[in-house]
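Structure record follows, encoded as structure tokens.
Numbering of ligands and ligand atoms starts at 1, following listing order.
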Amino acid sequence: MGWNSWNRFGPFVSERLVLETADALIETGMRDAGYRYVVVDDAWHESVRDDAGELVENRWAFPHGMAWLAGEVHRRGLRFGLYTCAGTRTCQGYPASRGCEARDARRFASWGVDFVKVDWCHTAGLDGEPTYRVWSEALRAAGRATVLSICEWGRHRPWEWAPALGHLWRTGPDIQDTWASVLDALDRQVELHPFAGPDHWNDPDMLEVGNGGMTDDEYRSHFALWAMLAAPLMAGNDLRAMSEPTRATLTAPEVIAIDQDPLGRQARRLRSERGAEVWVRDLADGSTAVLLLNRGESSGRVGFARSDLGPARGALVVRDAWARRDVGELGERHEVALAAHACALLRVRRA
Ligand code: GLA
């Protein structure tokens, strides 16, 4: 869990933005809710490497340098992340790491970087698995415990090899701040649940919650779906100026608890009928998370049967994870009325 600059700020990153965001993580309660990593995405660089061949930060945007900035982030009880690219240039055209992986990994470690996102622009002729193997070994050799975020957009079926190399891997193209894009990212996850588990996660991409292109209901569904998918929760909005519904969504404790459940099982889609979907996820305490989604364009009822959860085991209690209250004992069937694009997130446990 953390924050990444890209979805909201694109190439307009700076030391000031990072520090203000780190402070906002604390003031808004997001750090306490579990958000830890502050990640600077593309375009933090000078346009060329220095004479020694090292990557250098843009001195106007990062006047005190990355090592200082990482220290400031650490001082706030947070962790610091940076972006690079496996190809010859980053997606924004800055110097990237092809052929310099060991050097760049050492540079990042010396700055105190805790999380490295490695992107896939300008990689003609490269294959996914061997390229990220080089990265995985370079980070290990650099001697600092670092999260490796693999970002080859699902091109080489990363779920099949990335668990051994990195901690999360993108499963598709860049998310957009639209409902269609959320559904596209969601549908790519249907077959991928067997590949996720503790320390190795499918990444349907960073959150768009609070960026303005969707309704609050849509953002709640986006967030709850990512929680069901055990997805990395990387906020991608301006944390310094959030609406209360946005803050409440991003910090919803029982939704985050489902995302972060220690069993680490990614949800399965149990049913999809005319826009009504049921997703289920087993949780460490023996309870089951059930998400009911109305993908359709008009309001409707979505439900599940008790038998969907397996053989009968005595009385079960349904809890609403958004409202944080029990809603009653589970009967033969449980149904809710949902507005278009809304969802219900339930936790079903033994009475
Ligand atoms: C690619 C990645 C994005 C972002 C941009 C930065 O598109 O998939 O997440 O890092 O590059 O240029």
Side-chain angles (χ1 to χ4, degrees), residues 1-14 17-18 21 35 37-48 55 57-58 61-62 66 79-98 101 104 108 113-124 126-128 131-132 135 139 146-159 162 165-178 180-182 184-186 188-189 192 201-211 213 222 226 229 231-239:
M1 294 174 69
W3 174 88
N4 174 298
S5 54
W6 183 255
N7 282 354
R8 173 66 178 79
F9 297 97
F12 303 106
V13 290
S14 67
L17 173 64
V18 170
T21 298
Y35 295 84
Y37 291 88
V38 180
V39 181
V40 181
D41 208 278
D42 204 349
W44 55 266
H45 324 62
E46 273 305 326
S47 53
V48 290
L55 289 173
E57 60 281 66
N58 181 302
F62 297 91
M66 284 303 178
R79 297 181 188 141
F80 185 60
L82 266 187
Y83 162 104
T84 187
C85 185
T88 47
R89 295 245 145 214
T90 75
C91 297
Q92 291 293 302
Y94 290 92
S97 294
R98 182 167 184 177
E101 295 84 1
D104 293 349
F108 295 154
V113 171
D114 308 294
F115 179 115
V116 177
K117 171 176 172 180
V118 182
D119 206 353
W120 196 249
C121 282
H122 308 290
T123 53
L126 291 185
D127 191 8
T131 303
Y132 286 98
W135 265 105
L139 290 170
T146 307
V147 172
L148 172 56
S149 167
I150 291 174
C151 181
E152 53 76 91
W153 316 320
R155 291 276 173 87
H156 306 88
R157 301 181 63 81
W159 41 89
L165 302 180
H167 303 90
L168 58 158
W169 53 87
R170 280 272 298 278
T171 52
D174 288 12
I175 195 169
Q176 311 292 321
D177 188 12
T178 65
S181 177
V182 164
D184 176 72
L186 176 68
R188 289 171 189 276
Q189 309 308 311
L192 300 185
W201 311 104
N202 290 302
D203 177 10
D205 208 356
M206 305 172 292
L207 297 167
E208 291 284 8
V209 176
N211 279 334
H222 171 23
W226 265 229
L229 296 170
L233 298 179
M234 298 299 281
N237 57 318
D238 187 346
L239 303 186

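- Taking 4.5 Å as the limit, every side-chain heavy atom of L165 sits out of range of all side-chain heavy atoms of W135.
- In terms of polar-atom proximity, R170 is counted as a contact of ligand 1, with an N or O under 3.5 Å from an N or O of the ligand.
- Note on ring orientation: taking the six-membered ring where Trp is involved, the planes of Y132 and W120 are parallel (angle under 30°, cut-offs 30° and 60°).
- For atom 11 (O) of ligand 1, the nearest non-hydrogen atom of the protein is D119 OD2, 2.7 Å.
- Heavy atoms of W120 found under 4.0 angstrom from ligand 1: none, in either backbone or side chain.
- In this structure, W153 has a heavy atom closer than 4.0 Å to ligand 1.
- Using a 4.0 Å cut-off between heavy atoms, C121 makes no contact with ligand 1 at all.
- Within the listing of ligand 1, atoms 3 (C), 4 (C), 9 (O), 10 (O) sit less than 4.0 angstrom from a heavy atom of K117.
- Remark: ligand 1 atoms within the under-4.0 Å shell around heavy atoms of C91 are 1 (C), 11 (O), 12 (O).
- Protein heavy atom closest to atom 10 (O) of ligand 1, with residue, atom name and distance, is D41 OD1, 2.6 Å.
- Protein heavy atom nearest atom 12 (O) of ligand 1, with residue, atom name and distance: D42 OD2, 2.8 Å.
- Checking W153 against D119 by side-chain atom types alone, a donor-acceptor pair falls below 3.5 Å.
- On the SG-SG cut-off of under 2.5 Å, C91 and C121 qualify.
- Separating the CG atom in L229 from the CH2 atom in W201 is a distance of 11.5 Å, to the nearest 0.5 Å.
- Using modelled atom types, one finds no donor on one side chain facing an acceptor on the other under 3.5 Å when comparing D41 with Y83.
- Counting only heavy atoms from C-beta outward, the side chains of L55 and P95 approach each other to under 4.5 Å.
- Taken from NZ in K117 to OG1 in T84, the straight-line distance is 11.5 Å, to the nearest 0.5 Å.
- No hydrogens or angles considered: nothing links the side chains of W44 and N58 as a donor-acceptor pair under 3.5 Å.
- Residue D205 has no nitrogen or oxygen atom sitting less than 3.5 Å from a nitrogen or oxygen atom of ligand 1, judged on distance alone.
- The protein non-hydrogen atom at the shortest distance from atom 5 (C) of ligand 1 is W6 CE2, 3.6 Å.
- Protein heavy atom closest to atom 8 (O) of ligand 1, with residue, atom name and distance, is D174 OD1, 2.5 Å.
- Near Q92, meaning under 4.0 Å from any of its heavy atoms, are these atoms of ligand 1: 12 (O).
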